[in-house]
Every structure is written in C-alpha cells, then in structure tokens.
**Q** 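The structure follows.
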Amino acid sequence: MSPSTMPPGGRPVALHARGARVRDEQGREFIDGSSGAVCVNLGHGVPEVLEAMRSQAERITFVHRSQFAHSAVADLSNEILSIAGPDYREVVYTNSGSEATETALRLALHHHADGPGDRSVVLTQRPSYHGMTAGALGVSGHPSRRAGLEALHDGTIVSVPVTATDPDRPLPDLADWKEAFARVGPARVAAVLVEPIGGAASGAQEIPPEVMRGLRALCDEAGALLVVDEVMTGFGRSGAWFAHLDSDTRPDLVITGKGLSGGYTPIGACLVGARVLPGRSATELAFGHTMSGNPLSAATALAVLRYTREHRLPERARRVGAELRKRLSAIAARYAFLDEPRGRGMLLALPVRQDAADYGVEPLNRRICSAAEAAGLLLYPSGIDRAAQSVLVTPPLTVDDSELDDLFTRLRSALDMVERADSEADR
Ligand SMILES: Cc1ncc(COP(=O)(O)O)c(C=O)c1O
C-alpha cells in the first residue's frame with residue numbers, strides 16, 4: 001500500500017472475520033482479544049445474525065417511529081424487558097452508548113422537573129467513561145478524552161466527580177459518596193451515575209456489591225435516581241445479563257449499547273425503571289434521533305439477544321472467564337511489570353504494576369498493545385492514570401479453545417518483546 005492510500009494512523013485494512021479471528025488485506029490474521037472495542041460479544045460472522053439482517057433488509061430497513069410501529073422494535077423491547085424483569089417498563093432506543101447516556105441524563109432531569117427545588121447535579125465516579133457526546137463526556141471522569149473540550153461540556157450539566165479520598169484506593173467507597181451527597185446537598189442531586197465494572201477509564205475495576213447497595217440506599221434517601229451504565233458490561237459480558245444483578249441492586253435507569261448488537265449494527269438503549277416518570281412515555285419525552293429504533297437495527301439486536309439466550313452466553317462468560325483469569329494470572333506472575341488480573345466474567349484486565357506504569361513517549365499499556373498487534377493479537381489499552389493503567393483482555397464470549405490457545409501464545413510473545421525492549425533500554 002502506498003503511503004498516500006494508507007488509512008489514517010496506518011491501520012491494517014480489515015478484510016474478513018469469523019469467530020475471534022480477523023484477517024487483513026495483507027493476509028495477516030489477528031485474534032480479536034478485545035472484541036473490537038469490547039462489543040463483538042458473539043464473535044464475527046454468526047450465521048443466525050447475518051440471516052436475520054438479510055431477511056429484515058429485504059423486507060424493510062427504515063421507517064420513522066413517528067409514522068409507523070414495527071414488529072422488530074416491539075419484539076426487541078419485549079425481549080429486553082423480559083431479560084430486565086418487572087422493575088422496568090420501557091426501552092428508549094438510540095444509535096450508540098453515548099446517546100443512551102444522554103437519554104438517561106435527559107430522563108433524570110425530566111423526572112425531577114416538576115418537583116420542588118433545583119435538582120440538576122449528577123454525581124459520577126472518577127475514573128469513569130460514559131461516552132463522547134457533550135453531556136456524556138461532561139459526566140465522564142476521563143481527563144484525556146475531555147482535554148481541550150471544556151467549552152463543549154461545561155454548563156451542559158452539573159457533574160460532580162466523586163474520587164477516592166485514599167490515593168491507594170482506585171474507586172470511591174461509600175464514605176466518599178456520602179461525603180459528596182452531604183457537600184452538594186442531597187436535595188440537589190438528580191442522579192448518581194456509575195459503571196458497575198469500569199472499562200476504558202478504570203480497566204475493569206469493580207464497584208463492590210456493598211457499595212452498589214449503599215448507593216441505592218443513598219439515592220432512595222435523597223430522592224435521587226440511580227443510573228447504571230451497562231454499555232460495556234451488559235448482555236452477558238460480566239457473566240450475568242447485567243453486572244448490577246450481582247449486587248441485587250435495581251437501578252432506575254440502565255444505559256446499554258455495545259453488546260446489545262454485538263457490533264453487528266449501531267444501536268443503544270436506555271431501560272426505564274417502573275418508578276421513573278410514572279404515567280408518561282419516556283420515548284416521547286427523550287425524543288431521540290432519526291435512526292433511533294429503526295427496524296434493521298432492531299431485528300439485528302433481536303437476533304443477537306436470542307442467540308445470547310439460546311447459547312447461554314452469560315453463563316459461558318462466567319465459566320470461560322474464570323479459566324481465562326487463571327491463565328492470565330499465570331502470565332502475570334512471569335512478568336515483573338504486571339499485576340494480578342482483575343474484573344469479572346469476560347471483562348478482564350491485566351494491570352500494569354504501578355511502579356512500572358510509565359508515561360514516557362508511550363505508556364507501557366500502549367506498548368503492550370502495539371507489541372500484541374505485531375504478534376497478531378488485538379487488545380485494548382485502559383486506565384486514566386498510574387493506578388488504573390492496564391490492558392483489557394476481553395475476547396468474544398463465544399471464544400473457543402483453539403482461539404484461546406492462540407491468544408495466549410501471541411500474548412506471551414508480545415510480553416516477551418516488551419520485556420526484551422525494556423532490558424535493552426536499561427543496558
Ligand atoms: C461504559 C461506557 N459507556 C458509554 C460508552 C459510549 O458508547 P459508544 O462508544 O457506543 O457511544 C462506552 C464506550 O466505550 C463505554 O465503555
């Protein structure tokens with residue numbers, strides 16, 4: 001490929017993908033150890049999903065929700081609500097996780113609009129990531145993605161980041177949240193927004209179940225909504241349909257995306273709890289986008305969720321994730337710059353040891369990902385700071401033994417490459 005036709009960033013040109021294997025134009029094969037951006041949960045090219053897309057495309061790809069209802073959209077909502085259970089009453093569609101975050105923020109503000117006083121504060125965690133649109137980025141504790149964009153999001157929503165008071169703790173604990181409620185004034189808090197297990201920002205750091213339950217209680221006392229961002233964790237990735245189920249907490253709004261379509265089409269959704277905006281249509285209030293809830297995306301997501309249910313992928317993620325974690329732990333023990341893996345289900349991260357996490361020309365986690373790519377393995381760098389610096393290891397939930405063996409062979413060569421480069425640099 002001549003330099004003039006090189007894609008931006010010099011990325012390889014993808015040609016074909018099946019399961020957890022992606023091939024490029026040059027015939028090189030990559031193991032998709034990150035499921036793209038942690039979204040290709042079913043793997044690539046699943047025939048049942050492709051057939052559902054083809055069959056829907058042949059009938060109708062688009063009608064606008066203001067003019068027509070469509071059975072694929074209704075069936076998808078029924079499927080999602082049957083997964084979520086009786087605490088949820090409506091699904092509002094978007095085209096991405098970021099837009100689903102925006103929807104949740106709008107619904108939270110609408111929910112409080114007729115109440116007394118001014119409830120406009122959203123308490124969020126730092127580190128966190130909720131999307132790139134103005135509101136979603138405005139509530140994200142991800143400094144590098146916000147850098148230079150202050151004018152875009154400041155003033156869109158009052159976001160108060162809650163940080164751990166103890167620098168050795170990666171995430172705020174319940175005392176930090178209580179302090180934030182007291183500082184802001186409980187009557188001003190519209191919502192608390194958290195990722196149950198972090199992704200790009202924290203590298204699979206988990207909110208402990210007791211903190212999730214404590215947040216639910218704090219929100220109930222304050223009359224605030226609990227909003228949980230399950231864009232990365234939802235629909236099986238965490239080893240359950242939703243990560244919040246492990247703490248037996250029922251959020252008021254659940255933000256989803258990524259795994260909802262497994263990367264087969266752009267779609268996101270916000271699940272609306274039974275107690276939110278009672279008697280009102282959240283879909284009408286949230287308004288939405290031209291393509292929100294289009295039949296082709298709905299039919300695709302429906303096929304993805306049915307496949308996930310029929311193949312028991314949440315249970316599989318728990319089982320295979322436990323195995324994956326054991327093997328990652330054995331790898332971590334062999335390299336001085338790695339720490340014990342963390343995360344849940346198949347949302348796992350290999351942390352870089354804090355004393356090894358450099359921020360020179362290229363942070364160590366990015367160097368690991370580059371070496372992995374050279375070895376034919378795709379991984380995703382994560383962590384906003386030294387305490388969170390890590391590499392996400394999140395293959396499709398359907399990954400098979402031979403793909404996993406190849407993943408680990410290539411991971412070891414990548415880590416050997418990094419180790420060799422470091423020891424040569426020290427000489
Ligand atoms: C937890 C979380 N929330 C929201 C988003 C934004 O989703 P999207 O990139 O589909 O807009 C992401 C994307 O990485 C995410 O990981």
Side-chain angles (χ1 to χ4, degrees), residues 34-41 92-108 122 124-142 144-146 149 152-153 157 159 161 170-171 191-207 212 226-238 242-244 251 253-271 288-289 291-293 297 300-301 304 343-349 369 378-384 388 390-394:
S34 59
S35 300
V38 200
C39 61
V40 186
N41 285 359
V92 182
Y93 293 104
T94 63
N95 308 300
S96 66
S98 303
E99 291 174 5
T101 301
E102 299 286 338
T103 302
L105 294 175
R106 287 203 299 282
L107 291 177
V122 177
T124 59
Q125 187 165 252
R126 188 193 150 130
S128 63
Y129 178 61
H130 300 290
M132 278 309 287
T133 49
L137 193 58
V139 293
S140 293
H142 197 306
S144 66
R145 291 190 183 174
R146 291 168 58 124
L149 300 175
L152 186 65
H153 52 69
I157 193 150
S159 160
L171 297 181
V192 166
L193 167 61
V194 289
E195 292 160 272
I197 311 170
S202 80
Q205 313 261 14
E206 298 176 69
I207 300 184
M212 281 296 278
L226 177 62
V227 185
V228 170
D229 181 343
E230 296 254 11
V231 169
M232 196 176 274
T233 46
F235 300 112
R237 172 65 56 186
S238 75
F242 293 110
H244 65 259
L253 295 165
V254 180
I255 302 167
T256 71
K258 296 189 188 269
L260 173 55
S261 73
Y264 284 85
T265 191
I267 189 169
C270 177
L271 280 60
H289 309 265
M291 301 285 176
S292 301
S297 289
T300 307
V304 167
R344 207 188 308 159
M346 287 178 77
L347 177 44
L348 298 174
C369 290
L378 305 171
L379 298 175
Y380 202 82
S382 52
I384 60 162
S390 47
V391 172
L392 292 178
V393 184
T394 56

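For ligands, and for the atoms within them, numbers begin at 1 and follow the listed sequence.
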**Q** Show which atoms of ligand 1 fall inside a sub-4.0 Å distance from at least one heavy-atom site of E195.
**A**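 Here the atoms of ligand 1 in question are 1 (C).
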**Q** Quick check: does any side chain N or O of T101 sit under 3.5 Å from a backbone N or O of G97, one acting as donor and the other as acceptor?
**A**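 The answer is yes, because a donor-acceptor pair under 3.5 Å joins these two groups.
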**Q** Pull out every atom of ligand 1 sitting under 4.0 Å from any heavy atom of G131, numbered as shown with elements.
**A**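 Near G131, meaning under 4.0 Å from one of its heavy atoms, ligand 1 has 4 (C), 6 (C).
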**Q** When you measure from the heavy atoms of M132 to every atom of ligand 1, does any distance fall below 4.0 Å?
**A**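 For ligand 1, residue contact (heavy atoms, under 4.0 Å) with M132 is absent.
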**Q** Please report which non-hydrogen protein atom sits nearest to atom 10 (O) of ligand 1, along with the residue it belongs to and the distance in Å to one decimal place.
**A**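 For this ligand atom, the closest protein heavy atom is G97 N, 2.9 Å.
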**Q** Can you tell me the protein heavy atom closest to atom 14 (O) of ligand 1 and the distance?
**A**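 Going by distance alone, atom 14 (O) of ligand 1 is nearest to K258 NZ, 2.9 Å.
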**Q** Does atom CE of M291 have more than 12 heavy-atom neighbours from other groups under 6.0 Å away?
**A**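 Not buried by this count: 12 neighbours or fewer within 6.0 Å.
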**Q** For the backbone of F235 and the side chain of E230, can you confirm whether one donor and one acceptor N or O come within less than 3.5 Å of each other?
**A**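 Absent.
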**Q** Checking a contact table here: which protein heavy atom is nearest atom 9 (O) of ligand 1, and how many Å away?
**A**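 That would be S98 OG, 4.3 Å.
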**Q** Do D229 and ligand 1 have an N or O pair less than 3.5 Å apart?
**A**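 N/O-N/O distance below 3.5 Å exists for this pair.
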**Q** Quick check: does any side chain N or O of R146 sit under 3.5 Å from a backbone N or O of G141, one acting as donor and the other as acceptor?
**A**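 Such a contact is absent between R146 side chain and G141 backbone.
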**Q** Output the list of atoms in ligand 1 that are nearer than 4.0 Å to some heavy atom of S96, sorted by atom number.
**A**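 Those qualifying, in numeric order: 10 (O), 11 (O).
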**Q** So which heavy atom in the protein is nearest atom 5 (C) of ligand 1, and how far is it from that ligand atom?
**A**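 For atom 5 (C) of ligand 1, the nearest protein heavy atom comes out as V231 CG1, 3.8 Å.
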**Q** Take S390 and S382, measure what side chain to side chain donor-acceptor pair (under 3.5 Å) needs, and give me the verdict at the end.
**A** CA-CA 5 Å; S390 47; S382 52; 2.7 Å; yes
**Q** For M132, is there any backbone N or O sitting under 3.5 Å from a side-chain donor or acceptor partner on S98?
**A**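 Confirmed, S98 side chain pairs with M132 backbone.
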**Q** Is it true that a side-chain atom of T103 and a backbone atom of C270 form a donor plus acceptor pair closer than 3.5 Å?
**A**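 The answer is no, because no donor-acceptor pair under 3.5 Å joins these two groups.
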